[in-house]
Amino acid sequence: MKYKELQKGLFVKRPNRFTAHINIEGKEELCHVKNTGRLGELLLPGAEVLVEAADNPKRKTNYSLIAVKEGESWVNIDSQVPNKAAEEWIRAGGWMSDVISVTREKTYGNSRFDLYVETKEDDWFIEVKGVTLNVGGTALFPDAPTERGKKHVEELITCVKNGYKAAVLFVIQRKGVERFAPFEKRQPEFAEALRRAKTEGVEILAVDCLVDREGIRVDKEIPVCLFHCDKKEK
């Protein structure tokens with residue numbers, strides 16, 4: 001997934017979940033933050049960031065905050081990107097080799113799932129979750145509690161019971177992680193729902209991404225740890 005043009009800036013402060021002050025070419029600008037997560041480990045004063053100029057003159061902010069540099073690598077924080085990156089990856093055969101069609105925002109039961117994939121043999125409901133938090137080489141989700149995310153995981157179990165294939169796909173918007181795990185301390189209910197879904201036949205998959213000043217794309221699958229996090233699980 002490519003952006004039109006990104007500019008560099010320096011993070012100043014984040015007064016609320018939706019906006020941040022960014023120094024762009026010596027001028028402090030109010031930017032839209034396209035992620036409601038905490039991002040406390042990334043949005044530090046003086047951090048180098050990438051912003052995208054808005055093309056809507058009626059917007060209150062002239063820029064959107066897209067990525068933050070951590071060490072020598074960029075971390076994409078755009079919460080709208082994981083679905084697009086996942087769709088591109090699946091369409092290109094990165095996960096399944098016999099894809100017939102991919103549909104966004106497919107409703108089933110009481111939920112609207114991010115992707116519905118038809119293959120030659122199976123029909124899949126897929127919920128995509130973007131991940132930015134890295135603690136000691138482990139990518140963790142959620143950064144903030146998500147009742148909606150828990151509900152979708154539980155309803156994927158119903159999809160499986162009704163004969164569909166189902167999956168939760170964690171798109172880690174960065175490199176530099178060795179494995180994925182649910183953030184048990186942040187929301188134990190989500191972690192338990194994920195474990196229950198796994199035992200009921202829902203696929204749990206995590207992939208990392210290559211991120212640069214032009215965009216983001218899925219790179220490779222990484223191990224998922226749900227039950228015994230001292231070991232790497234698949």
Side-chain angles (χ1 to χ4, degrees), residues 1-3 6 34-43 47-50 65-97 99 102 114-115 117 124 126-144 146 149 152-153 166-184 186-187 190-191 194-195 197-198 202-234:
M1 186 257 171
K2 297 290 185 180
Y3 293 95
L6 299 180
K34 301 175 76 172
N35 191 313
T36 58
R38 300 186 182 187
L39 305 173
E41 78 289 354
L42 295 173
L43 295 180
E48 191 172 350
V49 300
L50 296 176
L65 181 55
I66 300 299
V68 185
K69 200 166 192 180
E70 185 181 60
E72 298 300 316
S73 302
W74 290 106
V75 181
N76 184 291
I77 62 168
D78 184 350
S79 62
Q80 298 176 358
V81 153
N83 288 8
K84 297 176 183 178
E87 182 181 358
E88 289 180 358
W89 179 61
I90 291 171
R91 285 187 182 278
W95 182 5
M96 310 163 190
S97 60
V99 174
V102 181
D114 293 318
L115 299 174
V117 179
W124 289 75
I126 301 171
E127 187 65 13
V128 180
K129 302 296 183 188
V131 185
T132 61
L133 180 59
N134 171 24
V135 177
T138 299
L140 296 172
F141 182 93
D143 181 21
T146 168
H152 281 164
V153 170
V168 184
L169 173 59
F170 292 94
V171 176
I172 300 160
Q173 297 166 248
R174 59 185 300 154
K175 295 293 289 184
V177 295
E178 298 175 358
R179 61 181 180 176
F180 166 83
F183 199 169
E184 189 97 33
R186 189 61 49 83
Q187 191 180 17
F190 180 84
L194 207 60
R195 286 191 285 266
K198 175 70 172 180
V202 177
E203 295 284 340
I204 312 296
L205 187 72
V207 292
D208 66 9
C209 291
L210 293 169
V211 180
D212 57 28
R213 288 192 61 180
E214 294 184 352
I216 178 174
R217 67 177 177 86
V218 173
D219 187 28
K220 64 181 182 179
E221 185 178 350
I222 67 166
V224 171
C225 166
L226 296 179
F227 299 95
H228 305 291
C229 290
D230 58 336
K231 299 178 181 179
K232 293 181 179 180
E233 303 171 3
K234 296 290 281 187

Next item on the list: Taking the side chain as every heavy atom from C-beta outward, state whether Glu70 and Leu42 have any atom pair closer than 4.5 Å.
Entry: yes
Item checked: Any side-chain heavy-atom pair of Trp74 and Leu6 under 4.5 Å -> no
Check: Given side chains that start at C-beta, do those of Thr146 and Gln187 come closer than 4.5 Å, heavy atoms only?
Finding: yes
Check: Which of these passes side chain to side chain contact (heavy atoms under 4.5 Å, CB included) with Val49: Leu65, Ile66, Ile77?
Finding: Leu65
Notebook entry, point to check: Do Val171 and Val128 have side chains that get closer than 4.5 Å, going by heavy atoms?
Noted result: yes
Next item on the list: Give, for atom CG of Asp78 and atom CG of Asn35, the distance between the pair rounded to the nearest 0.5 Å.
Entry: 8.0 Å
Note to self: Other residues, nucleotides and ligands only: do more than 12 of their heavy atoms fall within 6.0 Å of NZ on Lys220?
What the structure shows: no
Check: Just by modelled atom types, is the Lys34 backbone N or O under 3.5 Å from a matching donor or acceptor in the Ser79 side chain?
Finding: yes
Checklist line | Euclidean distance, Lys84 NZ relative to Met1 CE, rounded to 0.5 Å | finding: 4.5 Å
Item checked: Any Val75 side-chain heavy atom under 4.5 Å of Val211 side chain -> no
Margin query: So, taking the atom named OG1 in Thr138 and the one named CD1 in Ile172, what distance separates them when rounded to the nearest 0.5 Å?
Written below: 9.5 Å
Note to self: Treating Glu87 as the side-chain partner and Val102 as the backbone partner, does any N or O pair qualify as donor plus acceptor under 3.5 Å?
What the structure shows: no
Checklist line | Heavy-atom check, side chain of Glu178 versus side chain of Pro223, under 4.5 Å | finding: no
Margin query: Just to verify, what does Phe170 make a ring pair (Phe, Tyr, Trp, His ring centres under 6.0 Å) with, not counting sequence neighbours?
Written below: Phe141, Phe180
Item checked: Donor-acceptor pair, side chain of Arg217 and main chain of Leu210, under 3.5 angstrom -> no
Margin query: Using a 3.5 Å distance criterion without hydrogens, assess whether the side chain of Arg186 forms a donor-acceptor pair with backbone atoms of Pro142.
Written below: no
Next item on the list: Look only at the side chain of Asp143 and the backbone of Leu39, and say whether a donor-acceptor pair between them is shorter than 3.5 Å.
Entry: yes
Item checked: Criterion side chain to side chain contact (heavy atoms under 4.5 Å, CB included) against Trp95, the qualifying member of Val218, Ile90, Val117 -> Ile90
Checklist line | From NZ (Lys2) to CD1 (Ile216), nearest 0.5 Å | finding: 11.0 Å
Notebook entry, point to check: Looking only at atom types and distance, does a side-chain atom of Asp114 sit under 3.5 Å from a main-chain N or O of Ile126, one as donor and one as acceptor?
Noted result: no
Notebook entry, point to check: So, the side chain of Arg195 versus the backbone of Leu226: is there a donor-acceptor pair under 3.5 Å, distance only?
Noted result: yes
